[in-house]
*Asks:* 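First the structure, which I've put down as structure tokens, then a few questions once you've had a look.
Here is the naming used below: chain letters follow the sequence lines, and residue numbers restart at 1 for every chain.
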There are 2 protein chains.
Amino acid sequence: MTDALSPVFAALADPTRRAILSMLLEDDMAVTDVAEPFQMSLAAISKHLQVLADAHLITREKRGRVIWCKLEPDAFRAASVWMQGFGQFEPVDLDAFERFLETELTDPPED
Amino acid sequence: MTDALSPVFAALADPTRRAILSMLLEDDMAVTDVAEPFQMSLAAISKHLQVLADAHLITREKRGRVIWCKLEPDAFRAASVWMQGFGQFEPVDLDAFERFLETELTDPPED
DNA sequence: CCGATCGTCAACCGTTTGGTTGAATATGCC
DNA sequence: GGCATATTCAACCAAACGGTTGACGATCGG
């Protein structure tokens with residue numbers, strides 16, 4: 001499967017993995033801390049992180065004992081662009097995105 | 001799985017199904033015509049269409065013997081909105097979308 | 001050096017997925 | 001009515017998925 005989009009969507013299809021991505025949206029996290037809120041083994045979370053890394057949705061960097069997980073926005077963008085082609089004939093999302101642009105500009109995310 | 005997003009992403013994870021969606025972007029199609037370009041059985045395509053319909057990415061309408069398949073942009077939009085949250089802190093896609101807006105306005109899709 | 005912590009690996013297990021084939025169900029046409 | 005066309009259903013299969021447990025290799029702290 002040389003196709004880059006399939007692993008991205010497959011990774012996003014699992015609610016646990018989407019929850020992990022939402023957590024990483026706030027900050028980079030160690031594997032153990034990622035696993036903490038979930039009712040499943042650390043090994044299971046480790047596998048989920050592997051799937052996300054294979055899809056290039058995250059990267060992992062080892063510093064000492066701890067492996068830090070970090071969002072990788074590029075893969076999101078590729079998939080998002082593909083999807084936008086299917087919404088484009090509907091004017092509604094243009095409005096929505098203009099509204100988003102406005103809030104993004106008037107209320108920029110703090111560092 | 002009461003979650004609405006998972007079946008959408010799962011449906012999009014298969015390249016055959018994404019190809020079907022691209023075909024439907026041009027026009028509504030009968031099941032047999034959807035199946036024609038693929039090297040697999042009609043039953044397999046029928047199942048793919050079922051998956052897409054379960055995710056509400058398409059609808060099927062029976063007229064006579066023929067079942068017409070039609071894109072349903074709303075499901076795309078929900079998933080797209082979810083994903084935009086992960087790209088939003090990157091300024092690049094704003095530029096891309098502005099360019100898209102421009103082409104969309106200067107070259108509107110004919111009915 | 002030793003014990004605790006961090007994370008992955010390997011083997012296993014039940015379920016889902018993506019495909020096949022052949023039969024079944026509508027519907028349209030003559 | 002009878003035949004061809006359009007689509008799904010049902011049973012089956014191999015492979016992938018999402019989870020478990022237990023052992024293992026690194027690394028930190030005393």
Side-chain angles (χ1 to χ4, degrees), chain A residues 1-24 27-72, chain B residues 1-24 27-72:
Chain A
M1 199 192 308
T2 57
D3 143 46
L5 233 38
S6 295
V8 172
F9 284 127
L12 296 179
D14 187 280
T16 300
R17 286 192 292 259
R18 289 201 307 280
I20 291 174
L21 292 172
S22 294
M23 292 164 58
L24 292 178
D27 209 348
D28 299 357
M29 293 180 77
V31 173
T32 307
D33 295 335
V34 169
E36 196 269 333
F38 295 99
Q39 311 261 54
M40 75 180 71
S41 68
L42 181 61
I45 296 294
S46 179
K47 283 209 230 173
H48 279 306
L49 291 171
Q50 183 64 54
V51 172
L52 291 170
D54 288 347
H56 303 109
L57 288 163
I58 66 167
T59 51
R60 280 121 98 218
E61 187 190 348
K62 183 163 183 173
R63 283 209 292 276
R65 268 191 304 190
V66 174
I67 292 183
W68 293 91
C69 305
K70 166 164 154 293
L71 273 187
E72 210 57 44
Chain B
M1 199 191 310
T2 57
D3 143 43
L5 232 39
S6 295
V8 172
F9 284 127
L12 295 180
D14 186 280
T16 301
R17 287 193 291 261
R18 287 200 309 279
I20 291 173
L21 292 171
S22 294
M23 292 164 58
L24 292 177
D27 209 348
D28 298 357
M29 293 180 78
V31 174
T32 307
D33 295 333
V34 168
E36 196 268 333
F38 295 99
Q39 310 260 53
M40 76 181 70
S41 69
L42 181 61
I45 296 294
S46 179
K47 284 209 230 170
H48 279 305
L49 291 170
Q50 184 63 53
V51 172
L52 291 170
D54 288 347
H56 303 110
L57 288 163
I58 67 167
T59 51
R60 279 119 98 218
E61 187 190 347
K62 183 163 184 172
R63 282 208 295 274
R65 270 190 302 189
V66 173
I67 293 183
W68 292 91
C69 304
K70 168 166 155 294
L71 273 188
E72 210 59 42

*Asks:* Between CG of B:L12 and CG of A:L12, what distance do you get to the nearest 0.5 Å?
*Replies:* 9.5 Å
*Asks:* N/O contacts under 3.5 Å, protein versus nucleotides 18-26 of chain D?
*Replies:*
residue: D:dG18; atom: OP1; partner: A:R17; partner atom: NH2; Å: 3.3
residue: D:dG18; atom: OP2; partner: A:R17; partner atom: NH1; Å: 3.2
residue: D:dG19; atom: OP2; partner: A:H48; partner atom: NE2; Å: 2.2
residue: D:dG19; atom: N7; partner: A:K47; partner atom: NZ; Å: 3.0
residue: D:dG19; atom: O6; partner: A:K47; partner atom: NZ; Å: 2.4
residue: D:dT20; atom: OP2; partner: A:S41; partner atom: N; Å: 3.0
residue: D:dT20; atom: OP2; partner: A:S41; partner atom: OG; Å: 2.8

*Asks:* In whole angstrom, what separates A:R60's CZ from C:dG7's P?
*Replies:* 10 Å
*Asks:* Please tabulate, for side-chain N and O atoms in residues 50-60 of chain A, each donor-acceptor pair with protein atoms closer than 3.5 Å (sequence neighbours left out).
*Replies:*
residue: A:Q50; atom: OE1; partner: A:R60; partner atom: NH2; Å: 3.0
residue: A:Q50; atom: NE2; partner: A:D54; partner atom: OD1; Å: 2.9
residue: A:T59; atom: OG1; partner: A:E72; partner atom: OE1; Å: 3.2

*Asks:* Does B:R63 have a side-chain nitrogen or oxygen under 4.0 Å from the phosphate oxygens OP1 or OP2 of D:dA6?
*Replies:* no
*Asks:* Restricting to pairs with a member in residues 28-46 of chain A, which pass side chain to side chain donor-acceptor pair (under 3.5 Å), not counting sequence neighbours?
*Replies:* none
*Asks:* Atom CD1 of A:I45 to atom C1' of C:dC9: distance rounded to whole Å?
*Replies:* 17 Å
*Asks:* Between A:S46 and C:dG7, does any side-chain N or O lie under 4.0 Å from OP1 or OP2?
*Replies:* no
*Asks:* Please name the pair of heavy atoms, one in A:P37 and one in A:V34, separated by the smallest distance, quoted to 0.1 Å.
*Replies:* CD-O, 3.3 Å
*Asks:* Please list all pairs meeting ring pair (Phe, Tyr, Trp, His ring centres under 6.0 Å) that have one or both residues in residues 29-51 of chain A, counting only residues at least two apart or in different chains.
*Replies:* none
*Asks:* Using whole Å, report how far CG of B:D54 lies from P of C:dT16.
*Replies:* 14 Å
*Asks:* What distance do A:R17 atom CZ and B:S6 atom OG have between them, rounded to the nearest 0.5 Å?
*Replies:* 9.5 Å
*Asks:* In whole angstrom, give the distance that lies between atom CE of B:M29 and atom P of D:dT7.
*Replies:* 11 Å
*Asks:* I need the CZ-P distance between B:F38 and C:dG18, as an integer number of Å.
*Replies:* 14 Å
*Asks:* Take atom CD1 of B:I67 and atom P of D:dC9, then tell me their distance rounded to the nearest Å.
*Replies:* 9 Å
*Asks:* Roughly how far, to the nearest 0.5 Å, is CG of B:D14 from CD1 of B:I20?
*Replies:* 8.0 Å
*Asks:* Could you pull out all residues at least two apart from A:R18 that satisfy salt bridge (charged side-chain N to carboxylate O under 4.0 Å, His left out)?
*Replies:* B:D3
*Asks:* Rounded to the nearest Å, what distance is computed from the CG atom of residue B:D33 to the C1' atom of nucleotide D:dT5?
*Replies:* 12 Å
*Asks:* Please give the angle, rounded to 10 degrees, between the axes at the start and the end of the helix from C:dG7-D:dC24 to C:dC30-D:dG1, where five pairs define each axis.
*Replies:* 30°
*Asks:* Check whether any side-chain heavy atom of B:E61 sits under 4.5 Å from a side-chain heavy atom of B:K70, and report yes or no.
*Replies:* no
